[in-house]
Structures are given as C-alpha cells and as structure tokens.
**Q** 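Here it is: the structure, laid out below.
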Amino acid sequence: MNQVGSVSLVAALAFGIYGVVAGVIGGRLRSLRVTRSAERATLAFFLMITVAVVALETAILTDDFHTAYVAAHSNKDLPVYYKIAVLWAGQEGSLLFWTWLLSIYGGLAVLINHRKNRQLMPYVVAVVLGTGVFFTSVTFFVANPFPVLNLQTAAGLAPLHPPEGNGLNPSLQYHSMVIHPPVLYLGYVGFVVPYAFAMAALITKQLGDNWIRVTRRWAMVPWMFLGVGILLGANWAYYVLGWGGYWGWDPVENAALLPWLAGTAFLHSVMIQEKRGMLKVWNIVLVMVTFFLSIFGTFLTRSGIVSSVHAFAQSNIGIFFAVFLGIVVFFSLTLLFLRLDFLKSENKLDSVVSRESGFLFNNWILLAAVFAVLWGTIFPIISKAVEDKTVTVGPPYYNKTALPIGLLLLFLTGAGPLLAWRKTSFQSLRRNFTLPVALAVAAGAALFFAGVRDLFAWMSLVLATFVAACVLQEFYKGARTRQVIAGENFPQALYNLTMRNTRRYGGYIIHLGIVLLFVGFAGLAFKTEAKAPMQRGDLLRVKDYVLRCEGITKGETPNYLYERAELSVVKDGKALGTVKPEKRLFKASQESISHVALRPSLAQDLYVVLAGDDEDTGKALIQVFINPLVGWVWVGGFVVFLGTLLAMVTSRIEREMAGIRRPVEEAIEEKHAL
Amino acid sequence: MPLAIALATAATLAVFVAFPLLAPDTEGDQLLPVDVTPLADFKRRRMVVYENLQDLEFEFKAGKIAREDYQTLSDNYKAEAAGLMAASLEAETTSHGDAWIESEVAARRARRKSAPSPQYLCPECGFENPLPVKFCGECGAKLASRP
Amino acid sequence: MGGKKLKFAVGIGIVLAVVIWEAVSGFQQSKTYYFTVNELISGNTAHQHVRVGGIVASDSIQRHGSEVTFRLAQDASSIPVRYIGTDPLPDTFKVGAQAIVEGEYAANGEFRAEKIQAKCASKYQATPAKG
C-alpha cells in the first residue's frame, strides 16, 4: 500500500508538471489540441491523488501499523468514522487531503467551465495545477505519509510491525471534529478557482466581467465552507475545551477568519463590477488577497511559526510555504501591473450616498478588519525579527478593534441594500429608513429600561433590530409590489420575488443570519460564572440557578478512568433534572479530557465543568457558566448557510439572460466542435 | 497486486492525457475560439443596463425611490444603453467574425421549434430580447404588451 | 468628481481613524512579552505582565481548594507558579506538557499566573522517525 501511495504521488506530480507546461504552451500557441491535453492532465492529477488517498485510507482502516503515520495517529479500537478522520489528523495526511480537495476543485472547474471559456482554460489549468504541484511536492518530499517503521538491528534494518498504534488524540474524538477539518479545508482550498480564473483573465487580457460571472459560485462555495468550518471549530471549542467560550482569537482561528473576511469583501465588490463596470483593479486585488490569505492560513496552521493552543511542532515545511507565497505575490503583482491599462473603469462613482459607495465602505472596513487581525496574529514574528523579543497580543486587542469594525459592518448590512445604485436623495432615504430607525430607537429605549447597560451589547442589539427591520422591509415591500403588478397573492409574490433574484434575496437572508450572530455575540456581555469545591449535599447558587451536588463517582472503563459529578439543577423553584460533568483520563495516551455538561436553550446555556479535585479536602471543583444567547450563534450560522445555498440557485434573471447568450455560444461551439 | 493496478492506472491516464496530441486531427490544427467577442460584450453590457432599468422601475414602484431620483437615474441608464448600442453598431460594421456569429444565431432561431413569446420578440427587427420588455432593446420599436 | 472622492475619503478616514485608535489602545493594553523560563530567570522582568513558556515539571502539580501550584521548567531550571486565574485549567495541562503561563513574576520569585495554555489539542508533529 505504501508503495502504491508513493508511486501515485510521483505520477500525480508528473501529470501536474505536464499540465502546467501544456497549459502555458496551449495558451501561448492558442492550440486547441494542447489545451485539451492540459485539461485532461487535471483529471489525471485528480485520479492519481485519489489513488494515494485510497492507499492511505486502506492502511488506516486495515490497522497497518507498519506505516508510521497510521501507528502515530490510529489504534485498533477506534470507531470507523474516527479512523476515516485519521486521514487529516496529522501533518502528512492533512497535506495529502488538502491536495486531494484541490484536485477535486480543479477537476470540477475544468469539467464544468471548459466549453464556455476556451481561452481562459489553459491558464486556469496552469494556475490550479501549479498550486497542486506545490502541495504534492511538499507532501512527497517533506511530509510524506507513506514511510514505514523499521527497526535498527545488528543485521541491518528490519521491518517493525507494532501491535497497536498511539491512537487519535482524545479531544479530537468528538463528532463535529470529524467534519470540522474537511469543511474548513474545502473553504481554504476552493479560493484557488476564482484566483485561477482571475489570473487567466489577466494573462489573456479578457478583463470584462466574464471571469467574475464564471467564478461567482466558485467564490461562494469556499466562502460558505470556510464560514461553516469556523463555526464548527467554535462549536467544538465550546463543547469540548471546557473554558466556557467559543472564540479566543487564537492564531489558528484567526488564520481561517482572514480569508473569510477578504472573501466577504470580494463577494460584495464583484457586484459593482457586474452592475456598473467599476472597481476592476480592486476585484482582482481582492481575489489575490483572498487566495494569498488562504495559503497563508494553511502556512500559519502547519508551520508552527506562531504558538497556539493547537500544538503544531516546529516543522520544516514553513520555508517551502514562505517561498510559495513569495512566488504567488510576485506573479500576481507583476501580472496586475502589466495589465493595468486594460482595467479601466467603465463608469465613475456618482454620489457618496449610493449603493456603490455602501459597498466600498464595506470593503474598506472588511480590509481594515483583515489588517487588524493579521497584525495581531503575526506581531510575535515581527517583534522577534525587529527587536529580538517576542511580543504577543491578547484578546483585549482584538476585542477593542473588532468592536467598532463589527458594529459598522452590522450597520452597513442593513443600510447598504436600502441605498439606490448611483445616487440616493434625502427624500428616498427618508422613505426607506423611517421605519427601521423608529424600531431601532424603540428597541434601544426598551433595552435601556430592561437594564442593559453594556454599551457594546446595547449597540449590537439596537443595530440588530435596525438591520432585521431593513431586511424584512425589503422582502415586504418587494412582495407587495409584485402583488400589485402581477396580481399574485402574498406568499406567491414573496416566493417569486425571491426566486427571480436569488442572489439578492439569498444575500438578505445571509444578512439576517449575521444579525442573529451578533445577537449571540451580544450575549457575551451578560456572562456569569461561579466556581466552588463541592461534595454531596453542597449547594451552589449562580444567577437564577441553584445546583445541588448529589454525589461524585469515580470509575473505570476499558478505555479510560473517569470522575463524574452529579448535580441537580433548580431554576426559579423548578427542578430541571440533573447534569453530569465528567473528567476522563485515557489509559493509552494518559491524556485527560473534560465532558462538559450543557443545558442549552436559546435564552441561555447552563454550562457545567468538572474542573479538578481539591487535594486537601477531596472535594470536586465545579465550575458553572451561565452563557446567555450563545445558541443564536449556531442558529445564525445555519441561517447564513441556508442563505448562501439559496443565493447559489440559478435565478430567473440569469435564465433570462442566458436566453440571449446560449445561441451565440452554441454557434461558437458548433464551429469549433469538441 | 495493488501496485500493478496503480501503475496501470497511471499508464492509462498518460495515454488519455496524450491522446489529443497524438490523435490524427481531421481539420488541421485548430485555434482556441474567442469566448467573448467585442460585439457580444457590448450586447451583454447593454442587457445589464436594461436589467438595472428594470430593477429601478421595480424599486420605484415599491416606493423605495423618490420620483425625482427615478427620473434622473432612468434617463442616465437610457443614455448609457444608447451609447452601448452605438458602440455595438460600430463594432458590427467592422467585425466579420461577429457578423458570422450573428447570422448563425439568426438561422438557429429560425430553426427553433418553440417560437419565443411576443413579450420577447420584436415585430420590427426580429430581435429576441432577453427580458420581457415594452420596447425592443435593438431597434426601440414597441412590443406586444404584457398579458 | 473630485468633491465626491474627497467626501468618500473623509468618511473612510474617520472610520479608519476610530479603528486605528481603538487598535492602538487595545494593543498597548494587551501587548505582552514572551520569554522562556531561562530568559525570565536571567533577565530583570519583575512586576511586568509577561508570558512564559516551559514544561510542567514532574510531581509538581498541587491543588488546594481552587488554587493550583506547580513548577514550570526548562532544562535544569524551573520557577514556581501559582495559578490565580478563574478559567478552568485546560485538559491538556498535565505533567510533561508544554505550557504557556501569563501573569506577573512577583518579587518573591513566585510567578502568579492568570492564564495558562497547554499545548496538545492536535498531533500535528514534524515527520516521525523513519527507518
């Protein structure tokens, strides 16, 4: 199996290199034959990487501990779904997995788009496979998952077959941890497709909005995966790490947030180019930044260059990533400067109060966020290089910076869509903003009298009301108008309105999801916690909850030792049953892990952790958090997910537009039959 | 055995990749076709302006835009569309490739079985508008009103 | 035309100024020097808010009430640490784990830690020994 894996990697590398060369030659000569061959190389690359992945998975599933990677990350008794996840549990496997996802994206992009984008395709292939060659090389030469274990004996090397592996890290043995890495990778990797199309458009000087139209969904898909991946990670941190929160501004979390923020800016600004033919340079720059940050994020999490709660050993792959990033920057910027003349704007900004400028503000603020987060994340590296002292910055820096940025973005989320394209007069503004502003003011007063004194939470909730009102008003007014024009009933009108322009109304639903996320974030201000050593009969009061310890039990299973506290919960005089926080010590790895006991509800979560023992009294240390509104973070994330799916559905406008394009394309295809 | 399969897969794929280069080409070496001709680009941009106009109209009817704003913006868009139309006429007279495509498109439309709805098809010049419109996007003639 | 661009630039300028001001103040507030145990012992860093990285020394973890004390070691030297923070200690915190403690190095030679991070969560390691 190990030989199969290595051979496949070599073959994939060969196809990859060939594809890059053939792509460039095919593009330069404008030769259909060479280009087709390059396109086929993408599929061949995908299939060979697939064989390598299958080889590694086979070794994992058959408990082949002769393979060093399997011995290090798996064990016999691991459930099958965790064994599958072993593929991305370690450095080597996760790089192979990354490469595989890249090859899937590349293969699909070629299959779906090659008929309509003949001229772009050779360079798209070259860029995608160029990235693929880099990752395959790192996988093969630096972090190969296929070496086997050997024992040094007097007679030479003897193959070593350990009877059992080291096992998967216990904190990774959690259901959302099985899907969190693949989802996050699907996000990181996917931005290669829009980037490749942008580069191909630059090379071939086809700088209209064709590349943007083609890559619209190719940018939305990774953006969605990245967002979902980030939230799954937050969810894992909340349920497993047991510190009562879900976001700690850890470098690894930031690494995923950065391309997501840049991608958000890109998804917004492309609309200006499509509608108004403006911001052409800006869009190219944004797609470059997004792709760069995706690779940079992978680099941060894999190189161990910054310390983080995720333990990444200092490893030698960092230098390869640094070189690759350098090449990407050099190549992108050179191309951009060579093509600046072809990127002239077709229109100009008419007014400061317009949809365009709303988008521009949104872009600048998102980029400010990118810069702020990036600065905090890499400051330890910079300070080490400049003054030879490592200086780190903690959550207060991020929180203080993110606060104004987040609130401004939230405001624009509601206000932007209400501005008309080109210019909006005061009269139009008054028509659209009267109701949302009135509601927001009312909500502000109500919250103040309800005792909300935290400025951030108050502003978040007020703005959330404003944005929700803005978005719902859009749906309502649109549907009413359709009712009048087309004579449909209200639900029909609402449905047709949405399906006619899925991108706009899907976008609005995403905005509603963002509102819910901010409601969840606002809950952080009302967090309460308490800690006490407890034994049977002890009481602990936290806010309106009373917890009574019913006993502490210690025990043992074949896999681990455990200590479990049983606490009955009473809230406002009503019994809510018992919670059982637990601490497990795994025998094989001698690693311990907490099982948080949670009583989730949309109003507030009761979060109970067994934090340890008091060695003097033998009591168990119980820590309780009351986390209001956390549930809305997960609900909001799900709404964003649904909205993105809706925005990807082909809208009626698109179909109508396709009506004119299809005969032209058919004619072209007929002339150059495949 | 698995190794043999892997090697065979690699070899097959190599043939698959090389095939377009080796296969006898019946029509000689072809060049990559142009994806977006200047004419098609002008036309598409004009369609975008129409789409913007339609949106504007809808938002005006929804009461989102004051009459004054609506008037100026609508005039602006119409001027923009006119400019694009002039540009595509110019491109049409200078480009032969596009003329070929246009004739091909016309022939294809004629052969199509399902006749486009009168909301789309211009009775004057025969242009098939991409959106249901009141006035033809090509020549400006009035179309059959909506049902 | 210039007027519109200027207005836009002023708007963006105000926004960025606020963000930068918040960032700088947050930065001053939370910037923390990072040392290894050896650097901490040899340097004069008393009464400063610092982060220190080292390894949790064997047989040194003691829990009294909600308080935890242990020694953080690097090579042969080590410092006593008293955890005074409120967050529960991470599961990965155990003897032999790499830990980063954040807090103040008091004059009596004891490190008062407000936060403790321990490395483990995933096993991303450099290439294992191959034969």
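Residue numbers begin at 1 in each chain, while the letters A, B, ... track the order of the sequences. Predicted model, so just to flag it, every value in this text is computed and none were measured. When reading the values below, keep in mind they use all heavy atoms of this one structure, side chains included, and skip hydrogens, waters and symmetry mates.
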**Q** Please report the interatomic distance CZ(A/Arg33) to CG(B/Leu22), rounded to the nearest 0.5 Å.
**A**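 Between A/Arg33 CZ and B/Leu22 CG, I get 8.5 Å after rounding to 0.5 Å.
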**Q** Does any backbone or side-chain atom of B/Ala14 lie under 4.5 Å from a heavy atom of chain A? Answer side chain, backbone, both or neither.
**A**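 For B/Ala14, the contact with chain A is made by backbone and side chain together.
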**Q** So, taking the atom named CD1 in B/Ile65 and the one named CG in A/Asn432, what distance separates them when rounded to the nearest 0.5 Å?
**A**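 Rounded to the nearest 0.5 Å, the CD1-CG separation comes out at 8.0 Å.
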**Q** Is it the side chain or the backbone of B/Thr72 that comes within 4.5 Å of chain A heavy atoms, both, or neither?
**A**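 For B/Thr72, the contact with chain A is made by the side chain alone.
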**Q** Drop me the distance from A/Arg40's CZ to B/Leu13's CG, to the nearest 0.5 angstrom.
**A**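 Reported value, rounded in 0.5 Å steps: 11.0 Å.
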**Q** Given a strict heavy-atom distance threshold of 4.5 Å, which part of A/Leu497 is in contact with chain B: side chain, backbone, both, or neither?
**A**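 Only the side chain of A/Leu497 comes within 4.5 Å of chain B.
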**Q** To the nearest 0.5 Å, tell me how far A/Ser428 OG sits from B/Arg67 CZ.
**A**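 Answer rounded to 0.5 Å: 12.0 Å.
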**Q** How close do B/Ala66 and A/Gln427 get, counting heavy atoms only, and between which atoms?
**A**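 In this case the closest contact between B/Ala66 and A/Gln427 is CB-OE1, 3.5 Å.
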**Q** Just by distance, do the side chain of B/Asp69 and the backbone of A/Ser425 share a donor-acceptor pair under 3.5 Å?
**A**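 Yes; at least one donor-acceptor contact below 3.5 Å.
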**Q** When only pairs under 4.5 Å are counted, which of A/Gln473, A/Lys477, A/Arg422, A/Arg504 shares the most heavy-atom pairs with chain B?
**A**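 Among A/Gln473, A/Lys477, A/Arg422, A/Arg504, the one with the most close pairs to chain B is A/Arg422.
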**Q** At what distance, to the nearest 0.5 angstrom, does NZ of B/Lys61 lie from CD1 of A/Ile485?
**A**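 B/Lys61 atom NZ to A/Ile485 atom CD1 measures 4.0 Å (nearest 0.5 Å).
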**Q** Can the positive tip of A/Arg482 be found less than 6.0 Å from the middle of the six-membered ring of B/Phe58, inside 45° of the ring normal?
**A**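 Output no; distance or angle outside limits.
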**Q** Give the C-alpha distance, both sets of side-chain angles, the deciding distance and a yes or no for side-chain contact (heavy atoms from CB on, under 4.5 Å) between A/Arg36 and B/Phe19.
**A** CA-CA 9 Å; A/Arg36 259 189 224 150; B/Phe19 187 76; over 6 Å; no
**Q** Out of A/Leu429, A/Asp209, A/Thr204, A/Thr58, return the one with the most heavy atom pairs under 4.5 angstrom to chain B.
**A**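 Highest number of heavy-atom pairs under 4.5 Å: A/Asp209.
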**Q** A/Arg276, A/Arg480, A/Glu474, A/Gln119: which one forms the most heavy-atom pairs within less than 4.5 Å of chain B?
**A**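 Among A/Arg276, A/Arg480, A/Glu474, A/Gln119, the one with the most close pairs to chain B is A/Gln119.
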**Q** Donor-acceptor pair, B/Asn52 side chain versus A/Lys275 backbone, under 3.5 Å?
**A**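 At least one qualifying donor-acceptor pair exists.
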**Q** Hey, what do you get for CD (B/Gln54) to CG (A/Asn501), rounding to the nearest 0.5 Å?
**A**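 It is 10.5 Å, given to the nearest 0.5 Å.
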**Q** Heavy atoms only, distances under 4.5 angstrom: which of A/Ala41, A/Gly277, A/Ser37 has the most pairs with chain B? Name it, please.
**A**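 Heavy-atom pair counts peak at A/Ser37.
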